[in-house]
Amino acid sequence: MPELPEVETTRRRIEPLLLGQRISALRHDSAKYLATDEARGRTIGAVSRRGKYLLLRLDAPKTLPLELILHLGMTGHFRLEPTPHTRLVIELEGAPALYFHDPRRFGKVVVVRQGDYALFPTLRHMGPEPLSDDFDQSEFVWRASQAGAVKPWLLSQKPVAGLGNIYVDEALWLTRLHPQQTRLNADEARKLHGAIREVLSQAVARGGSSLGSGVGNYRQHDGTQGGYTAEHHVYGKAGQLCGRCATPIVRTVVAQRGTHLCPECQVLRVNEVQSI
DNA sequence: AATTTCTCCTGTATGC
DNA sequence: TGCATACAGGAGAAAT
């Protein structure tokens with residue numbers, strides 16, 4: 001599932017194909033892809049990322065920039081050739097077209113005025129980028145002390161941007177926190193802050209994770225797969241032994257998501273009851 | 001208001 | 001062998 005490391009890897013790989021190119025057309029087959037006609041004739045001035053969203057700045061002389069917002073969803077990735085699951089074609093005047101392939105159709109593409117995220121509440125309320133200086137430890141510690149169950153809290157994108165099911169499970173294992181732990185103490189939150197940065201930076205360095213061989217398999221336009229899958233400690237490891245204590249890893253469901261944890265290392269701590 | 005549940009979508013795996 | 005069903009999950013809406 002494309003999370004921050006996969007989206008960042010995609011951004012880096014498609015940037016040289018798109019930057020400075022002029023769009024001749026955005027062809028698509030879905031009513032979900034809004035205002036794409038407005039991109040015609042514009043030049044791609046920046047290829048950036050916010051959380052799990054790709055953002056292309058679309059420039060034109062004497063007008064304010066537009067922005068193409070693209071979310072890879074569950075199965076979206078780019079190809080250099082059309083497929084039966086091509087949902088969007090980015091046609092360029094002076095370069096080969098890029099094909100957005102998305103079998104499960106969870107991806108989204110919208111062209112908006114730059115910074116107008118009214119259609120994307122998750123983007124509008126998104127927390128700091130985890131690998132930037134904006135990810136302030138003391139603020140994270142404070143917010144974590146007030147939060148409900150830590151896994152759904154992290155998945156909301158509000159405390160920090162870009163985490164999904166894989167990297168939440170990995171960061172919680174590293175921190176020895178149970179996914180349903182509430183109201184983290186300062187020590188737990190500081191460790192989690194560090195673990196999030198550690199897991200995501202390592203995953204970016206290895207080009208993200210690629211799971212399975214089926215429809216959800218994530219790859220780059222040139223077929224490159226992520227190398228971080230081999231570094232997973234819990235995700236997809238049910239029944240295998242914990243790397244720290246050799247207890248078998250367990251798969252459960254938390255917040256409607258498959259959740260992987262070590263039942264020995266990650267024990268739910270009962271919060272102290274405030275006396276009246 | 002915050003948290004939980006439901007929905008979208010389709011290829012693959014499982015079960016009878 | 002073949003058909004039916006369950007499953008994967010990010011994000012937004014709906015429900016509680």
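So that the names make sense, note that chain A is the first sequence line, chain B the second, and so on, each numbered from 1.
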Checklist entry - What's the CZ-P distance between A:Phe106 and C:dC7, to the nearest Å? => result 15 Å

Checklist entry - Any idea which of C:dA11, C:dC7, B:dC8 is nearest the A:Arg251 side chain? => result C:dC7

Checklist entry - Is A:Gln157 touching bases, backbone alone, or none of the nucleic acid, heavy atoms closer than 4.0 Å? => result sugar-phosphate

Item to check | Among C:dG10, B:dT5, C:dA11, the one nearest A:Glu3 by side-chain distance | outcome: C:dG10

Checklist entry - Could you state the NE2-C1' distance from A:His125 to C:dA13, rounded to the nearest angstrom? => result 14 Å

Checklist entry - Which sits closer to the 5' end of DNA chain B, A:Pro152 or A:Arg105, going by the nucleotide each is nearest to? => result A:Pro152

Next on the checklist: Without decimals, in angstroms, what is the distance between A:Leu154 CG and C:dG9 C1'?
Outcome noted: 16 Å

Next on the checklist: Cation-pi check for A:Trp173 against A:Arg244: NZ or CZ below 6.0 Å from the six-membered ring centre and within 45 degrees of the axis, yes or no?
Outcome noted: yes

Checklist outcome for this item: note: A:Lys158, atom NZ; C:dG10, atom C1'; distance rounded to Å ~ 14 Å

Checklist entry - A:Leu70 has an atom CG; how far is it from atom C1' of C:dG10, in whole Å? => result 14 Å

Next on the checklist: In whole Å, I'd like the distance from the NE2 atom of A:His260 to the P atom of C:dC7.
Outcome noted: 14 Å

Item to check | Distance test, side-chain N/O of A:His85 to OP1/OP2 of B:dC9, below 4.0 Å | outcome: no

Item to check | Smallest separation among heavy atoms of A:Val250 and A:Thr252, with atom names | outcome: CG1-CG2, 3.6 Å

Item to check | A:Arg113 versus A:Leu66, closest heavy-atom pair with distance | outcome: CA-CD2, 4.0 Å

Checklist entry - Quick one: A:Arg87 CZ to B:dC8 P, roughly how many Å, whole number? => result 17 Å

Next on the checklist: Looking at A:Arg11, I want to see if its CZ is surrounded by more than 12 non-hydrogen atoms of other residues, nucleotides or ligands under 6.0 Å.
Outcome noted: yes

Checklist entry - Is any side-chain N or O of A:Tyr235 closer than 4.0 Å to OP1 or OP2 of C:dG9? => result yes

Checklist entry - Is a donor-acceptor pair below 3.5 Å formed from side chain A:Arg104 to base C:dA8, judging by atom type as modelled? => result yes

Checklist entry - Is it the case that more than 12 heavy atoms not belonging to A:Asp187 sit under 6.0 Å from its CG atom? => result yes

Item to check | Between P of C:dA11 and CG of A:Leu4, the distance in whole Å | outcome: 11 Å

Checklist entry - Which nucleotide in the set B:dG11, C:dA11, B:dT5 lies at the smallest distance from any side-chain heavy atom of A:His71? => result C:dA11

